[in-house]
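Encoded as structure tokens, the structure appears first; notes follow it.
The figures here come from the full heavy-atom set of this structure, side chains too, leaving out hydrogens, waters and symmetry mates. Quick note on labels: first sequence line is chain A, next is B, and so on, each numbered from 1.
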Amino acid sequence: MKKYILVLIFIISFLGKTGAQNYSVALIPDSLKTSAHSVIRLFIQETNVNPDNTVIERTRKVITVLDKEGEKSTYLLIPYDKDMKITINQILIYDAQGKLFRKVKQSEIKDYPYSEYALFSDNRIKAFKPDYGEYPYTIEYYYESVSSKAISYGSWTPVDDYDVSVQHAELVLIYPDNKIINTKEVNFTGIQDKKSFGNGTIRSWKINNMPGIQEEPFDLSLNERMPAVYLMPNLLLYDKYNGFSLSWKDYGTWMNKLYEGRGELPEALKVKINTMVNNVTDTLERMRILYRYMQENTRYVAIFLGIGGLQPFSVQTVFETGYGDCKALSNYMCAMLKYIGVKSYPAIVYGGKYPKKVFKDFPNFSQFNHVILCVPYKKDTLWVECTSQTAPLGFIGDFTDDRDVLLLTEHGGKLVHTKKYEANDNIRICNSYFKIDSTGTAVSIIKTEHYGLQGDDMIQSLLDKNTKDQKDWLYEHSSLPSLQINDFSFVYIKQPLLNVAISQTISSRNYGTFSGNYMLFPLNMINNQKPIQKMLKQRRSDVLIPQSWIDYDTLVYQIPANYKPEALPTGKTINSKFGEYATSVTFKDNQIIYTRKFYINEGRYKPDEYKDFYEFILSVSKADNLKAMLAVQKK
Amino acid sequence: MKQLSLLLLLCVFSLANAQFDEPKFGKVDMSEMTMSRYEKDTTAEALILFDAGNTYFDLNRDRQFQYIFERHCRIKIFKKSAFDLANRNIRLYKSGSRQEKIGNLNAVTYNLVNGKIVKTKLDNDKIYLEESKSYNDKKFAFPDVKEGSVIEFSYTITSDFLYNFRGWVFQRSYPALYSQYKFMIPEYFEYRKSSKGYLSFDVNKSETKRERFVIHYESEIVAGRGGGLKKAYDDEIFVQASVTTLGIKDVPAFKSEPDIDCEDNYTSSIEFELSSIQYPQETRKDYTRSWESVNAEMMEDEEFGRLLKIDGFIKDTIARLCQNVTDNAQKAQIIYNYVQRWMKWNGEYRIFANRGLKKPYLERAGSSSEINLLLTLMLQNAGLNADPVMFSTRENGTGISIFPTITKFNSVLSSVEISGTRYLLDATNDYCSFGVLPANDINGKGRLISEKGSGWVDLLTSEKYKKVRQYSLEITPDGKFKGTIVRTSDGYAGIEYRNQLSKVKSIDDYMAKMQENISGLSINKYSVLNKDIYNKPIVDTLYVEIDNAAEVIGDKIIFKPLLFETINKNRYTLEERKYPVDFNYAIAEMYIFDYVIPKGYQVESMPQGASVKMPDGSVSITYSGQAVDNKIKLMYRRTVNKILFLPEEYASLKEMYNQIVKKHAEQIILKKVN
């Protein structure tokens, strides 16, 4: 059987090689050149699943670089771990006419540890970066990997960057009939084929002449826009851990095995917990105590080892070292909660500001990269981020909110949705008082409160900073002219709602400017909306506004006694499906009172709606530029 | 600026008092545990309680000298944001089969629990090893770290790489109570030391001692008459050695600031370079000594000077390029342009061309060294007086040291002398015209290497950042503008513009991006002149409409006359600076606005002319304007003719920009009259 498969591979590879051998740039259709900095001329990936569960992946990739910006798509970066063997068979460089310029030597290929985000990981990377003096040129790669762990068969993604066109890309999957391979096509509109071949099956997916995808403002993440095919074994096999991937339920059952025996509490920790919570009866308060204990006694250190980085450190290890990654810390918290009689589940999630869509019909772990904890509590559900040193219990922020996650329950895996923060959760309130003198100098007290995700943004920017850096940050994020911050305070309130309150007393010279008999000053320099990027080209992507929020501003301006408003602008109301905006301007007792409410409505909108969104924000930004025009009063 | 650093270096030799006593490992004082903040810098997130290094020599089993580097450091953590200090990485160099060894690694965390100090040791199996080609990294995370913890570590590194003698960084991003480095150097070895930074040493002690070295002989079987088993034995030798201790007390944290050329120029540190080895009864081996020996070595180096003698592969090209050209200046220009176009820079700065020059030439790509040595070779081959110049780029820090050493340099450029005038050339940049250095090269002095000897060359530029913007616009009653913008970018502004153009697919794309980024701007048509003629200014003419720049209030039209050239915000927001502001090059900008106002309107008010200058005239703006009939003409000019501003000058520089922002905020008011 094994021999037979090898023969099969040979034939397929041979077919691959007889394809477009002429790499002259002249053969690239114009439609692929205008929309790209580089063109994938040919990308053939053969994935061979062997009866002994090893997977051989052979790749031939030919890329033409059209200009300097296209250079990065030629970089070869192959991460691997101890269960994989990588062989780079050949790297060839061709000139614009398609004439072979040179063969790259093995010694030019780099091999180094890969632990970009981690303190340590046992992954390594093979890398190559070509040098060639003139554009365009073409590079051809042949490489193969042999993997011995059957927990994923990887994926096929012809492009992974913007502005890259594809001339021809093909995935060939070869497997014996006694194996079941799950596949999932995403954004795939090419040609599919399936053939029987003796005791095996050959499936293929092909794409021809696909122009590059351009990055657009407020677009979907690239992986939602580009074609891909994902492959998974039906039967999961790794070390001593076996399971199925037919459903998320099965998949969760398999993952549960990786967690088995890692939740035992050391006696010392039990004693510790008893002393902390024995006199507390309220369950929520007991959970808060344990969460705070974990925040104060552990820290996040990323160390990825073994089982594809899927298996957590034991509770014992975290207790001893005081650190762990997201899996380890969630497991630790889960075990502590269990000890006080609170049930909770690890929730496997994709962490990032922009959620990725989870395929409900295709279980595989590469859709996720992070673990949090789900605590069903009364009628509600608490979501707990165990790597945060600062969050209140149950606050997860925009890194994991509003998305599908995989819960590891006692009955196996279960897809559920995390908390969504609504507009009314994410409020910013600003109350400011400006006293403007006849030289145009403003002395002011500015008070802002930031709730929910808006508060979280401030925490990320300011909490870890010392007072000098906080002050520098306030300077950098203010546009008041000749600003002097005399005093400020920063208060982080965790309960009942997450709130960051900042208060500043400042002075700003030249806040009012003079022109003839007039003094002019802006009515809203505190929270001024800038226009968003205009789009001249045809929009392709859906428009994604990730969060809803509301800002309320009340700004009071005390004007000098010898001035009167010459022309007071009127307030403005703008409504659209993207949000609402309303301002008012009144004058009373030598005070101009400006109020503003700006609400943004999250959502996914059609590509042609971007224009309306742009117009909406543009009119808000124009309205935010309101100025007061004062005239000096002659005595 | 460079003189300044030289002065500072001299501080190394000032007299100083007694040295600091390093506490024993594990002897943590209760006051260190209970300390809640550092009084001298209450913003500090952590405090280095002490950081002590000690390097001395020893003999290895092969009876060769090796050095041993010991480090012992104790840190108090106040805030979670300083937890990064508890993740450590120790780098060990290797070369071939030889590699540095680490020993006695201790790491302990101390916490105060119920008034008692609790120790948690690092587990040996939680030390990870990451292997790379020329070094191994030992990584570990301290266990049980919390706010208030004290962490302590010590280790020794044994190294055969005598040329890689470890230096010491006294100042880091957290303050330190004490940082000390002690080093013993036997008389056989000579090291050049260079130190940097704005702090002076509190301890600076040097003495000569007789040091004992033990030579260990293994047991061996000796053949022949009188042979047999010879026992292992130890012998000893005494060698004079200098022992130096340098220490700084109360080291403030280093904080970076915008517009400084290179952080490393300002942090306090010391580095070493092996200059010679002389064992008794052996001839002296010189590594680097005088500039003349550096020069001779570089000229003889296989990856440097020797390469300038292998010119067979470029002879034909030179003959072809210089056919019928007799003028030397013209030849130099042709060759420079040729190398600039032919070679693609791979983004790497190097001194040595380790692949030779022929290979990069054929591959048409290479490092700064390969490209500029090739340029030098080709200029020489054409009969010109050309030499390579080693230097340090701005991001690499200062290239000057008081000792002859090449360790500070990271790149090479080419110098050519034509009729008594020297031109400096760097062909890595695609857009610099002949004799103009890329901005990153303008950094003090470089060292010229030649058969006739070496010398310093000023890496200056007479080229400026030059921009002219001419706006001719008609204003409509609804507050829109229509007309042309002529933009001339010359010198470094031209290089910057051409660089931007090289990053987009077409000029069309560039113009589209500009419209997408500047709200209210529509470009209906444009033309670009001299894009590919690098020694001429690049000039573009845009036919535009501008919306969203003026406001109509009642019967008035109000707008800022500089439109989207307005500087709305002072970039110098910090209250004070410790380090200089570096502009890199001089600036000359001029903006001319010709407005035609709508029919039935008149100018009610407009900004008054003004001229604002720094006290020494180094930065100035002039602003003038007049309205005649239905036309307004405004002129605005900004010049910066000094490149470096010292911290003492920061306040006036900041105020200068406050004045600029103020002037830019002033508006023109048009009023409807009928």
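Residue B:Ile127 does not touch chain A at all, counting heavy-atom pairs closer than 4.5 Å. Heavy-atom distances place the side chain of B:Gln659, and not its backbone, under 4.5 Å from chain A. Interface remark: B:Lys503 contributes backbone and side-chain atoms alike to the contact with chain A (heavy atom separation under 4.5 Å). Contacts of B:Asn570 with chain A are absent, with no heavy-atom separation under 4.5 Å from either backbone or side chain. With a 4.5 Å cut-off on non-hydrogen atoms, B:Lys505 touches chain A through its backbone and its side chain both. There is no contact between B:Asp137 and chain A, counting heavy-atom distances below 4.5 Å. Contacts of B:Trp345 with chain A are absent, with no heavy-atom separation under 4.5 Å from either backbone or side chain.
Here A:Tyr132 is the residue among A:Tyr135, A:Tyr132, A:Phe514 with the most heavy-atom pairs under 4.5 Å with chain B. Contact count versus chain A (heavy atoms, under 4.5 Å) is highest, among B:Asn346, B:Thr43, B:Ile518, for B:Thr43. For the set A:Ser515, A:Pro531, A:Pro569, A:Gly516, the entry with the most heavy-atom pairs within less than 4.5 Å of chain B is A:Ser515. Most heavy-atom pairs under 4.5 Å with chain B, from the set A:Phe319, A:Tyr614, A:Phe101, A:Tyr112: that is A:Phe101.
Under a cutoff of 6.0 Å and an axis angle of 45°, A:Arg539 and A:Tyr610 form a cation-pi pair.
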